[in-house]
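One structure below.
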Amino acid sequence: MTEMQTTYNPKNFEERIYAEWEKNGYFRAKVDPEKVPFTVMMPPPNITGQLHMGHAMDNTMQDTIVRFKRMQGYSVLWLPGTDHASIATEVKIVEQLKKEGIDKKELGREEFLRRAWAWKEKYGGRIVEQLKKIGSSCDWSRLAFTMDERCSNAVREAFFTLYHKGLIYQGSRIINWCPGCKTALSDAEVEYSEDAGFFWHIKYPVEGSEESVVVATTRPETMLGDTAVAVNPSDPRYSHLVGKTLLLPLTDRRIPVVADEYVDKEFGTGAVKITPAHDPNDFEVGLRHNLEVIRVMNDDGSMNELAGAYAGLDRYEARKRIVADLEAQGLLVKVEPHTHNVGHCYRCHSTVEPIVSKQWFVRMAPLAKPAIDAVVKNKTKFIPDRFAKIYYNWLENIKDWCISRQLWWGHRIPVWYCEDCGEVICAKEDPTVCPKCGGAHLRQDEDVLDTWFSSALWPFSTLGWPEQTEDFRHFYPTDALVTGYDIIPFWVMRMMFSGLEYTGKVPFRDVLIHGLVRDEQGRKMSKSLGNGIDPLDVIDKYGADSLRLSLLTGVAPGNDTRYTDGKVEASRNFINKVWNAARFVVMNADGAELPAAGEVRLQPADRWIISRLQTCIREVTLAMQKYDLGIAADKLIDFMWNDFCDWYIELSKPALYGEDAEKKGGTLRVLLFVLDNALRLLHPFIPFVTEEIYSYLPETSGSIMTADYPRYNTKLSYKKEAKAFEGVIDLIKTVRAMKVAVNCPPTKKVKLFLVTDAKRLINLNKGAIVRLAGASEISFIESGSEVGEKTVSQVCEICHVFIPLGELVNIEEERKRLEKELDRVMGEIARAGGKLANSNFVSKAPKKLVDDERAKLEKFIDMKKKIEKQLEDL
RNA sequence: GGGGGCAUAGCUCAGUUGGUUAGAGCGCAUGCUUCACAUGCAUGAGGUCACAGGUUCGAGUCCUGUUGUCCCCACCA
């Protein structure tokens, strides 16, 4: 076996280890009826891009959970995959084509799709490689893609089912239209931002009168589609005009004045132009008053033939011309600057136009209800649970879901129209003839489905549903979904109602929500800001384990976190510490004779570290079960660094370097035992380095991935002994602090004189005290005066320490130190005394608390006496 | 307009169901090249837990209000 290097260097082993894991099939899930399944579906990254920090965190969390469960003996399935990301990918490919000077339409649907699949091969594959780099232990043999055969079957089945239940319908409604992508968008796909604009006040003359009504609008070009002006029914300014007719400027149309509660008297002029084809509110008003719907815009955002003289102009050019023409005719009353919320496409950022259009919709009300109930009844739990409120908020206010997209890349809508008899056919298998008239002239709907329609089926489509496959029966419903709060409305919610609707079960039991990874200044990482940090660069510099750990420490579920190099460095330093601790143990164990585990006579320090280990196992396991990964990591780091490295390894040195072979063997046995357990506890967080170190340990074989997760063992908790040993640690710390206080170099050995009842405990640990406190000898005395020279002294838990320091003693500094200590102790006495003087505390608080408080008070009173005596002696 | 988050050390953040003297990392100060590790060791300074009330024997933690700040949704044409 090669020797371990002095510093941790992840480049030496991360790649090799991942390949070994994969080769040995450790990631592959097995349907094992003997075992309890634990299933996690990876949120499929879009094939448009590459892994960013958010993916790194999301997948690290999943991997950590999944490795933990695997070691605990569950039959684990972590199923990976990628998303075709209909609109996002199509935008990318159109961009690419544009660079080549090719128009999508000219290329044709078939050739376009060929290119899209090529794109998928290239970028989908790259994402897989990136996921491997961070150590993801997912089952690549079950890798899924939202447009593969499995998922496509599921999409057909789902659409078919909803269609025949009447939950999918086609209708002409106001939808969000993206003139850039030339497709409809769902409400969730529109992002709003405060944009500067203008408020144009326009005069509409009243027919047969000198009077006119002034309306205010932010989008004058839509006036060509106006079919009414609305006023509030209780507005005295306009009541005489209700029912009258207005002459719509720039057109030869006449439109009525209608009264509608929707109009806010206080806002604008109190009169609103109504354009049912281009505004959702106006559409509603139009329905109430039976208004005509006149659409004046084309799909590309230009004006259509109904825009008269403005036909063919782009919407913004038309706006300019219309405003100019109104002004020329004296109909423009005024123009005010006005900032308002404008919707933008979440993919191409074009300004979205509300347009009336014929689209496919999912009726949401009947689906939302069970999805709400399932969370209310705790069948699915959000972690942290405040996200349940956000989920309710969405579902309770949900509108029908527009699922058709005028795109090519995606699941084509499984609906055909018979050109002979007009029949509409929704089928699972592509029909060849019309089932009604037998005609063969069938035309499939041109549109594809919203990309989230297939994502919504992810937890079961990937397992083969609607087939009752072995995987589906064993692994569904899944156990945990790990994802960011930003996609609750897009995805989590839709998986919930889909799972309930199609499988009758919630798709997952727990939803672990995490926040965003932000940059050092707390800003969102984004392409436009150029502040994104590539996880692969970080891995290259520090290793995957360091990145993983840095993304999980100090993070609470659901909270955003900032990425800083400092955090990664801190993690790297910790891992280096683990590396060197292991190196120390391995070097000492090399060639040494180890006693059988049962034959070791444990020393007090051994019992202490084993006890600490048990506490650590218990706390870490509990935290892991609650998905408190940050807490689990903190506890592990604390145990490993402070308890194991700083204390136990130092405590072990007298035995290791001493003459007593039995003690030495026993100590080595304990070192190995604790290290082995610690590595297994750490493995889910830092899988590579723990695997590498594991291979150096004597007596281990195979992969740490297949080792058991440590279990808390009451028999090894040694509570009493551990507590007693804490007294020894306290003594060592006290001596160190005393030396520092009087400027005595830590390397200078001092004589210790102790007044104590714990002689046995101290004698048992003499070697450790001598070494760690820097003592030359230890003597027991009955009182400080026995030392016979000037001393500094200090009371600690198990004794009263006197150190003769001769010339080194600075009386003034020592007095200051003692006075400060006295202050502190007096404060404690006041606090504890006050508490105990409160009869309510004594009678109502738990007895143990009261007893503890009494004991403390006594201890502090004793300390106070001793300090006062010392001050006198000075 | 509706909903939610956050406010704790100089900075970034933890703080489980209310219960010792409120923690960590980084930074800072002082001292250490002791044979695992300077990516280290030891010791230390640094906090009216935003503010005001309330519940409780006891509040960083629960309740109400205030201020500041961030996010999501809706949206006045």
Side-chain angles (χ1 to χ4, degrees), chain A residues 4 6-8 187-188 192 199 215-219 222 230 262-264 266-275 279-282 285 338 340-341 343 386-387 389-390 392-394 397 485-486 488-489 515-516 520 522 542 546 550 553-556 558-562 564 566-567 569-588 619 622-623 626 628 630-631 634 637-638 645-646 649-650 653 657 733 736-741 743-747 771-772 774 824 827-828 831-832 835 838-846 848-850 852-853 856:
Chain A
M4 291 179 75
T6 51
T7 49
Y8 150 70
D187 294 337
Y192 289 87
F199 221 9
V215 298
T217 180
T218 54
R219 296 190 301 155
T222 63
Y262 154 70
V263 181
D264 179 354
E266 310 300 320
F267 191 79
T269 60
V272 186
K273 62 191 268 312
I274 299 297
T275 325
D279 182 281
N281 290 308
D282 291 7
V285 175
H338 181 69
H340 58 145
N341 249 345
R386 66 169 133 64
F387 287 101
K389 290 185 214 162
I390 291 168
Y392 295 144
N393 208 273
W394 266 96
N397 299 301
Y485 59 70
D486 51 332
I488 292 174
L516 270 38
E520 205 139 346
Y542 297 100
S546 300
S550 72
T553 45
V555 179
N559 286 6
D560 288 353
T561 180
R562 297 184 191 205
T564 67
K567 281 185 194 174
E569 269 167 33
S571 296
R572 190 267 321 267
N573 294 352
F574 169 70
I575 295 169
N576 185 62
K577 189 77 184 171
V578 174
W579 179 268
N580 274 289
R583 191 168 146 255
F584 172 82
V585 175
V586 168
M587 272 167 32
N588 280 288
E619 291 178 345
L622 194 69
K626 286 160 53 182
D628 275 329
I631 290 175
D634 279 350
I637 292 169
D638 182 56
C645 294
D646 291 343
I649 284 187
E650 294 308 320
K653 285 177 179 172
Y657 302 149
K733 288 180 123 168
R736 285 172 178 169
M738 286 166 77
K739 285 163 88 171
V740 168
N743 294 324
C744 168
T747 40
R771 183 181 177 96
L772 298 196
R824 188 183 73 90
E828 288 302 329
R831 191 194 52 79
K835 250 184 171 177
N838 181 342
S839 62
N840 279 324
F841 173 71
V842 177
S843 61
K844 290 187 182 174
K848 183 173 182 312
L849 227 59
V850 178
D852 285 353
E853 210 57 54
K856 260 186 277 174

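Everything numeric here is computed off the predicted structure, so don't read it as measured data. Proteins come first, then strands; the chains are lettered A, B, ... in the order of their sequence lines, and each starts at number 1.
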>> I'd like to know if A:Glu650 reaches the base of B:A42 with its side chain such that a donor and an acceptor end up less than 3.5 angstrom apart.
In response: no
>> Salt bridge or not between A:Lys856 and A:Asp852? Use side-chain N to carboxylate O under 4.0 Å.
In response: no
> Given atom CD of A:Glu619 and atom C1' of B:A14, what is their separation to the nearest angstrom?
Replying inline: 14 Å
> A:Asn559 near the nucleic acid: base, sugar-phosphate alone, or nothing, with a heavy-atom cut-off under 4.0 Å?
Replying inline: sugar-phosphate
> CG/A:Asn397 to CG/A:Asp187 distance, rounded to the nearest 0.5 angstrom?
Replying inline: 12.0 Å
>> Going by side-chain contact (heavy atoms from CB on, under 4.5 Å), name the residues that satisfy it together with A:His340, two or more places apart in sequence or in a different chain.
In response: A:Thr218, A:His338, A:Val342
>> Please classify the nucleic acid contact of A:Ile649 as base, sugar-phosphate, or nothing, using heavy-atom distances under 4.0 Å.
In response: base
>> For A:Ala741 and A:Tyr8, find the nucleotide of RNA chain B closest to each by heavy atoms; which residue's nucleotide sits nearer the 5' end?
In response: A:Tyr8
>> I need a per-nucleotide contact map over nucleotides 69-77 of chain B, read 5' to 3'. Cutoff is protein heavy atoms under 4.0 Å; write B for the base, S for backbone only, - otherwise.
In response: ----SBBBB
>> Keeping A:Asn580 on the side-chain end and A:Thr7 on the backbone end, is there a donor-acceptor pair under 3.5 Å?
In response: no
>> Expressed as a whole number of angstroms, how long is the span from A:Phe841:CZ to B:C57:P?
In response: 12 Å
>> Can you see if the side chain of A:Lys577 gets near the phosphate of B:C41 - specifically, an N or O under 4.0 Å from OP1 or OP2?
In response: yes
>> Requiring both pairing distances under 3.5 angstrom, list the stems that contain RNA chain B and are made of three or more consecutive Watson-Crick or G-U pairs.
In response: B:1-7 with B:67-73, B:10-13 with B:23-26, B:28-32 with B:40-44, B:50-54 with B:62-66
>> In whole Å, measure the gap between the P atoms of B:G10 and B:A29 for me.
In response: 16 Å
>> What's the closest nucleotide to the side chain of A:Arg572 if the choices are B:U39, B:C37, B:A42?
In response: B:U39
> Could you give the distance from CG (A:Asp279) to NZ (A:Lys273), rounded to the nearest 0.5 Å?
Replying inline: 8.0 Å
>> Students often get this wrong, so: under 4.0 angstrom with heavy atoms, is A:Lys567 touching a base, only sugar-phosphate, or nothing?
In response: sugar-phosphate
>> Could you walk me through whether A:Lys567 and A:Thr561 satisfy the side chain to side chain contact (heavy atoms under 4.5 Å, CB included) test, starting with their C-alpha distance in whole Å, then the side-chain angles of each, then the deciding distance to 0.1 Å, before giving a yes or no?
In response: CA-CA 11 Å; A:Lys567 281 185 194 174; A:Thr561 180; 3.5 Å; yes
>> What's the gap between B:A9 and B:A14 when it is taken at their C1' atoms, as a whole Å value?
In response: 13 Å
>> Determine whether a donor-acceptor pair (N or O, by modelled atom type, separation under 3.5 Å) exists between the side chain of A:Arg736 and the backbone of A:Leu772.
In response: yes
> Where the side chain of A:Asn576 is defined as all heavy atoms beyond and including C-beta, which of B:C57, B:C37, B:A36 is the nearest nucleotide?
Replying inline: B:C37
> Reckon A:Lys653 has a side-chain N or O less than 4.0 Å from the OP1 or OP2 of B:A36?
Replying inline: yes
> What's the NZ-C1' distance between A:Lys848 and B:G18, to the nearest Å?
Replying inline: 17 Å
> Roughly how far, to the nearest 0.5 Å, is the OG1 atom of A:Thr222 from the CD1 atom of A:Ile274?
Replying inline: 10.5 Å
> Once you round it to whole Å, what is the distance between C1' of B:G2 and NZ of A:Lys389?
Replying inline: 14 Å
>> Counting the atoms with a prime plus P, OP1 and OP2 as sugar-phosphate, which does A:Gly554 contact under 4.0 Å by heavy atoms, base, sugar-phosphate, or nothing?
In response: sugar-phosphate
> So which one's nearest nucleotide on RNA chain B is more toward 5', A:Ala570 or A:Val585?
Replying inline: A:Ala570
> Is there a donor and acceptor pair closer than 3.5 Å between the side chain of A:Arg562 and the base of B:U12?
Replying inline: no
> What are the two closest non-hydrogen atoms of A:Ala581 and A:Cys645, and how far apart are they?
Replying inline: CB-SG, 3.6 Å
> With rounding to whole Å, what would you report as the distance between B:C63 and B:G47 at their P atoms?
Replying inline: 29 Å
>> Please evaluate residues A:Tyr485 and A:Asp560 with respect to the criterion side-chain hydrogen bond (donor to acceptor under 3.5 Å, both in side chains), reporting the C-alpha separation (whole Å), side-chain torsions for both, the decisive distance (0.1 Å), and the verdict.
In response: CA-CA 10 Å; A:Tyr485 59 70; A:Asp560 288 353; 2.8 Å; yes
> Using atom C1' of each nucleotide, how far apart are B:C6 and B:C51 to the nearest Å?
Replying inline: 16 Å
> How close or far is atom P of B:G15 from atom CG of A:Leu622, stated in whole angstroms?
Replying inline: 14 Å
>> Would you measure the distance from the P atom in B:U34 across to the matching atom in B:U39 and give it in whole Å?
In response: 14 Å
>> In whole Å, measure the gap between the P atoms of B:A22 and B:A50 for me.
In response: 15 Å
>> Please check: side-chain N/O of A:Asp282 versus main-chain N/O of A:Thr275, any donor-acceptor pairing under 3.5 Å?
In response: yes
> Nearest to the side chain of A:Asn840 - B:U16, B:C57, B:G19?
Replying inline: B:C57
> What is the distance, rounded to the nearest whole Å, between atom CG of A:Asn573 and atom P of B:C37?
Replying inline: 15 Å
>> Please check if the number of heavy atoms outside A:Lys653 that lie under 6.0 Å from its NZ is greater than 12.
In response: yes
> Taking the P atom of each, how far is B:G23 from B:C49, in whole Å?
Replying inline: 14 Å
>> In whole Å, I'd like the distance from the CD1 atom of A:Ile637 to the P atom of B:A24.
In response: 13 Å
> Do the side-chain N or O atoms of A:Arg386 get closer than 4.0 angstrom to the phosphate oxygens (OP1, OP2) of B:G4?
Replying inline: no
> In whole Å, what is the span from the CG atom of A:Asp646 to the P atom of B:A24?
Replying inline: 13 Å
> When the C1' atoms of B:U43 and B:A36 are considered, how many whole Å apart are they?
Replying inline: 22 Å
